[in-house]
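Because only heavy atoms are used, hydrogens play no part in the values below, and waters and symmetry mates are left out as well, while side chains stay in. Given the structure is predicted, the values throughout are model-derived calculations rather than measurements.
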Amino acid sequence: MRPDLLAPPPNPQVAEAWQRAWAGLVVAEDDLGPVATVAGVDVAYHDQSGELVAAAALLDARTLTVLEEVTVRDQAQFPYIPGLFSFRECSPVARAVEALSRRPDLIVCDGHGRAHPRRFGLACHLGVALDLPTIGCGKTRLTGAETPPGPDRGAHTPLLDGAEVLGATLRTQSGVRPVYVSVGHRVSLPTALTWVLHLAPRYRLPETTRAADGLVRRTPASPGTQPEAQP
DNA sequence: GCGACAG
DNA sequence: ATCTTGTCGC
C-alpha cells in the first residue's frame with residue numbers, strides 16, 4: 001500500500017494538483033491474473049458529525065457468494081466536493097480492504113475511475129493506493145457526454161470528452177437506467193464492462209456494490225458490535 | 001455570468 | 001450520502 005496517497009490534502013487546490021500528478025500512475029490496460037474473488041466497497045454516513053462506516057465485501061467471482069465482510073469506523077477528513085470525492089472515502093475504504101483476510105483479485109468501486117475531470121476518480125485512487133485492479137461503477141454521471149445505450153441488457157455506449165473515451169454507460173438490466181463504468185486501475189474498459197455485466201445478473205447494480213451497501217447500512221456508526229467475517 | 005456537479 | 005410515505009407498475 002502507499003500511505004502517501006491517502007493523506008488528507010490541505011485544501012481543494014492542492015487536492016486537484018495531486019490528482020493531476022497521480023493520474024499518470026494509472027494503468028488502463030489489463031494487468032490482472034485469474035479472478036477468483038471480487039470485492040465491493042462502500043461508505044455510509046450515519047450522522048452529521050462526519051462519523052462514517054466503510055466496508056469491504058469479498059465475493060466469490062463465479063458464484064457471487066459473499067465470502068467475507070469487514071467494516072471500519074472513522075471520522076471524515078475531507079468534505080464532499082464533486083471531483084474530490086476520493087479524498088473523503090479512499091482512506092477508510094482502503095483500510096477496510098486491507099482488513100480482509102486475503103487481498104481481492106479485483107475491486108468494484110461505488111464511483112468513477114477515469115470518467116473524472118482530471119482522470120483520477122475514486123476507483124483510480126484506490127487502485128493505485130492498494131496496487132490492485134479496480135473498476136469504477138457509478139450510478140450517475142460526473143463528467144463526459146453520454147449517449148443512451150440500447151434497451152437490452154448488455155447494451156453500452158461510450159462516455160466521451162470530445163474524442164477521448166472516458167468510460168461507458170452500460171445497461172445491466174433491460175428497461176432500467178444504465179450505470180457508468182470506467183477504468184480504475186490495471187483493467188481495460190472492455191474487461192471492466194464484462195465484469196460489471198457478470199456481477200449484475202439480476203439487479204441494476206453489481207452484487208459487489210449491493211453487498212457492500214447493505215453491509216454499511218446495517219452497521220451502527222457509534223458503539224455496537226464489531227461485525228466478524230461471515231463463513 | 002450561467003449551468004453542472006461521483007457519494 | 002441522508003432526510004422520508006405512499007404509490008405506480010411488473
Subject >> Nucleotide C:dC3, atom P - distance to CZ of A:Arg217 in whole Å >> reply: 11 Å
Original post:
Just how far, in rounded Å, is C1' of B:dA6 from CG of A:Leu205?
Top reply: 13 Å
Original post:
For A:Gly136, which contact category applies under a 4.0 Å heavy-atom criterion: base, sugar-phosphate, or nothing?
Top reply: nothing
Original post:
Can you find a side chain N or O atom of A:Tyr80 that sits less than 4.0 Å from OP1 or OP2 on B:dA6?
Top reply: yes
Original post:
If only side-chain N and O atoms of A:Thr140 are considered, is one of them under 4.0 Å from the OP1 or OP2 phosphate oxygen of B:dG7?
Top reply: yes
Original post:
Parallel, tilted or perpendicular: which describes the rings of A:Phe85 and A:Tyr80, with under 30° parallel and over 60° perpendicular?
Top reply: perpendicular
Subject >> Side-chain N,O (A:Lys139) to OP1/OP2 (B:dG7) below 4.0 Å >> reply: yes
Original post:
Between A:Arg119 (CZ) and B:dA6 (P), how many Å, whole number?
Top reply: 16 Å
Subject >> Sugar-phosphate, base or nothing in reach of A:Ala44, heavy atoms under 4.0 Å >> reply: sugar-phosphate
Original post:
Has A:Arg141 got a side-chain N or O lying under 4.0 Å from the OP1 or OP2 atom of B:dC5?
Top reply: yes
Original post:
How many Å lie between CG on A:Asp74 and P on B:dG7, as a whole number?
Top reply: 21 Å
**OP:** Look at all strands and tell whether A:Gly138 reaches a base, only sugar-phosphate, or nothing, counting heavy atoms closer than 4.0 Å.
**Re:** sugar-phosphate
Subject >> Side chains of A:His185 and A:Asp131 in contact at under 4.5 Å (non-hydrogen atoms) >> reply: yes
**OP:** Would you mind telling me which of A:Leu215, A:Val97, A:Val108, A:Thr134 makes a side chain to side chain contact (heavy atoms under 4.5 Å, CB included) with A:Val41?
**Re:** A:Val97
Original post:
Separation of A:Glu89 atom CD from C:dA1 atom P, in whole Å?
Top reply: 9 Å
**OP:** Can you label the angle between the A:Phe120 ring and the A:His125 ring as parallel, tilted or perpendicular, going by 30° and 60°?
**Re:** tilted
Original post:
Within this structure, what is the CD-to-P distance between A:Glu16 and B:dC5, rounded to whole angstrom?
Top reply: 17 Å
Subject >> Separation of B:dA6 P from A:Phe78 CZ (nearest whole Å) >> reply: 15 Å
Original post:
With sugar-phosphate meaning primed atoms plus P, OP1 and OP2, does A:Leu52 contact a base, only sugar-phosphate, or nothing at under 4.0 Å between heavy atoms?
Top reply: nothing
Subject >> Distance, rounded to the nearest Å, where A:His125 contributes NE2 and B:dA6 contributes C1' >> reply: 15 Å
Original post:
Below 4.0 angstrom, N of the basic side chain to O of the carboxylate: do A:Asp161 and A:Arg119 qualify?
Top reply: yes
